[in-house]
Asker: 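Next up is a structure, given as structure tokens.
Just so it is clear: chains get the letters A, B, ... in the order the sequence lines come, proteins before strands, and each one is counted from 1.
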There are 4 protein chains.
Amino acid sequence: MSANPLDSPPDRRTQILRASMICFAKRGFHQASMHDISAEAGISVGLIYRYFENKDAVISAMADEHKREIHDVLERARLAPTLLEAFEIIFTWDCSENSPQIVSAFVVDLFAEAGRNPRVADLVRDVARTAMEGVTDLIARSPEATNLPYDLQPCEITEMIFAVNDGILMRDVLTPNRTSAERRERQTQFARNLWRLLFSAKPEPALA
Amino acid sequence: MSANPLDSPPDRRTQILRASMICFAKRGFHQASMHDISAEAGISVGLIYRYFENKDAVISAMADEHKREIHDVLERARLAPTLLEAFEIIFTWDCSENSPQIVSAFVVDLFAEAGRNPRVADLVRDVARTAMEGVTDLIARSPEATNLPYDLQPCEITEMIFAVNDGILMRDVLTPNRTSAERRERQTQFARNLWRLLFSAKPEPALA
Amino acid sequence: MSANPLDSPPDRRTQILRASMICFAKRGFHQASMHDISAEAGISVGLIYRYFENKDAVISAMADEHKREIHDVLERARLAPTLLEAFEIIFTWDCSENSPQIVSAFVVDLFAEAGRNPRVADLVRDVARTAMEGVTDLIARSPEATNLPYDLQPCEITEMIFAVNDGILMRDVLTPNRTSAERRERQTQFARNLWRLLFSAKPEPALA
Amino acid sequence: MSANPLDSPPDRRTQILRASMICFAKRGFHQASMHDISAEAGISVGLIYRYFENKDAVISAMADEHKREIHDVLERARLAPTLLEAFEIIFTWDCSENSPQIVSAFVVDLFAEAGRNPRVADLVRDVARTAMEGVTDLIARSPEATNLPYDLQPCEITEMIFAVNDGILMRDVLTPNRTSAERRERQTQFARNLWRLLFSAKPEPALA
DNA sequence: AATGAATGAGGCTTCATTCAT
DNA sequence: CATGAATGAAGCCTCATTCAT
């Protein structure tokens, strides 16, 4: 087809996973057919099976991708100069893509699938655990958290953060028309509000 | 089977919806077959079609049930003597059933479905809007919220509450073995922590 | 379709197995598609799965039918007045059907399948063992066999009989155009020849 | 892979056919995939198509091989000093290979295939006819058969021989664990027994 | 009101075959 | 000569839905 070495073996796996993400977000794991995926990827159905053993393997690979992405986000959050900025990175992790609603739809489906498919459940649990450990550590090492408000345990704070974060994501499937920028703006606001509630003794004068 | 007029048509609709809830939680909307539901309900497949036009109608009816349940919860929350107690009612609304993991699995799937099925999306959005209005009103009328912390808007507070609430629920699918009591305990704690963050200038001396 | 109680529930299982026999003989177990079978039976594909778990189960059921048929043949042979007549019954067991080539094609495929499918192999082995025990017993109790020729063991005689019988059947797939009567005639001749070789000290004056 | 001219094209056809024999015996003609064959032969799928037009051509070529082998066996039988030895050669033709069960599984499948594939049927029929002519001739020219027992025609004797021979082979698929030596021993015994029944007026004193 | 046999479209997967390299 | 990525038709099986009883 093309002799361009840049796309010659266009990394089929990635190509298929990208198409799968779109289809899964649009129709759900089990409503998306292998034909949907192949059409979205612009390849034949059979070719998918050269790269994935079966449909479940595609789902698992997507979960793996998700895991990797969350790890990247955590890494970036760790490098942030302030805890507030780390919060902002974490709360907007799904807004870098062109179509953020794809990410939220996918993740909600991923959790739904985790409720039934043990292989997926293990993966998602693993992601959740690692992410929480990372954030707990982040907080523990940050100056803002030297004297935590009230008697909240660090892990309680982390749980609160992730609950808010996942709750936003879950509700996002209800407003699919928000642009990436709007979403980012909104989620940044959540990050700041939560940060203030948690670490700020007094209201900030002028942040937003 | 039975000619006993007391249980003869024991509200078939409810019977079917109850069975559907179990099947949907166990396998997901689209993985649960009509046969699964009929078997769980102990009736024949054909009978379901006498009460519901098709499978989608069952899903919509379940969403309706959910709407009604959330309305009940809000009503109970409205009657609570204090805002903290209202919080506790809201945060533990899914813990009254015998098998709370059924509720969380169902709701996560409901949101996932809302991302694709406009009919379901409208319903869930409507539930969400009504619930948020109710809670915003609850807060506005409560003495604790006379002077809100920082510069948070009432609707921002409500969004935070629902984000936390939905986030907990979403993550609950990962820990299916928690008992109803454990879940209730945990979610009550979230309610209290969030309440303190939002409305308490100082740490409470002895609440738990 | 029909209110005739004789065919009202036309014993779907039997109907499916009869169609399967035809399809399997015509195309082989694995070349015959479920669609072929359903078309031959005049029903839909899905209906087959109400009576058989999957295609393998159909094959196994056919093997079971075969087992039952062989048992019947043995029973009839046991009741025969003379050993020669028993031989004739055994050697022509596959000639009662309208289309005897169907039986031979099926059985050869059954043995081929037995070479790979352990479940089928067990069944066929079981049939073979039972049949040989029956024939060995038949011979042992027959007057013709009081003094066996040479030093042949009863089981060696039985093995010879079954080898000849199966060999005829195997070669029959090469001459599919023989009528049932021709086949019966031919196989009867084999029975008589083998009987004479085994039990007759001298040539029979006028049998054929 | 290798530039060594000695093994570079190590008679690809033979290599492919040898691999096919193994795969066909193991899984049957139609269950064995071209990929199975290529893997067994240690080459790529595409290469098979350089030597064979399609899968059917491989099957036909295997049938051809079979024909050639049977011709060889007949030739060797013809050169045997006595008819009994000729019998023994014929009855053990499939025992020279390392894995005799491969041969029997293959031949049973070949006959099954002959029942459907006319091209294969013609080939197998041709083999059968030639072989029978050869053996009939062998018997006609042998001193043992000067005065045949009873009133058996030479061709009837030949048919009996081949029936026994094929019957043994067919049943062999049920006992796949016999060694080559055991199989040879057993089939030699059949040869002797049949020989005695056919040509020996009296039991042999001490042959086995 | 209730059953469950029956249908057939559609999903997942395999595999013979081709072809660019 | 040799590879193996790619295709797409076809096979097995499921399941929402209907309908005669």
Asker: Is the distance from OP1 or OP2 of dT7(F) to the nearest side-chain N or O of Tyr49(A) less than 4.0 Å?
Answerer: no
Asker: Ring pair (Phe, Tyr, Trp, His ring centres under 6.0 Å) with His66(A): which residues, sequence neighbours excluded?
Answerer: Trp93(A)
Asker: Indicate yes or no for a side-chain donor-acceptor contact from Ser38(D) to the backbone of His35(D) under 3.5 Å, with no hydrogens or angles considered.
Answerer: yes
Asker: Looking at residues at least two apart in the chain, or sitting in another chain, which of them share a ring pair (Phe, Tyr, Trp, His ring centres under 6.0 Å) with Phe24(C)?
Answerer: Phe29(C)
Asker: Verify whether one side chain among Arg12(C) and Gln15(C) offers a donor that lies under 3.5 Å from an acceptor in the other.
Answerer: yes
Asker: Only distances under 3.5 Å count here; give the side-chain donor-acceptor pairs of residues 40-50 of chain C to other protein atoms, sequence neighbours excluded, each with its distance to 0.1 Å.
Answerer:
none

Asker: What is the distance, rounded to the nearest whole Å, between atom NZ of Lys55(A) and atom C1' of dC13(F)?
Answerer: 15 Å
Asker: Can you list, in residue-number order, the parts of residues 18-36 of chain D that come under 4.0 Å of DNA chain E, counting heavy atoms only?
Answerer: Ala32(D), Ser33(D), Met34(D)
Asker: In residues 39-47 of chain C, what residues come within less than 4.0 Å of DNA chain E, judged by heavy atoms?
Answerer: Ile43(C), Ser44(C), Gly46(C), Leu47(C)
Asker: How is the base pairing of DNA chain E summarised as a dot-bracket string, given the Watson-Crick and G-U wobble criteria with both distances under 3.5 Å, [ ] for crossing and | for another strand?
Answerer: .||||||||||||||||||||
Asker: Return the nearest nucleotide to the side chain of Arg50(C); candidates are dC12(E), dA2(F), dG4(E).
Answerer: dG4(E)
Asker: Where is the tightest heavy-atom contact between Phe52(D) and Ile16(D), given as atom of each residue plus distance?
Answerer: CE1-CG2, 3.6 Å
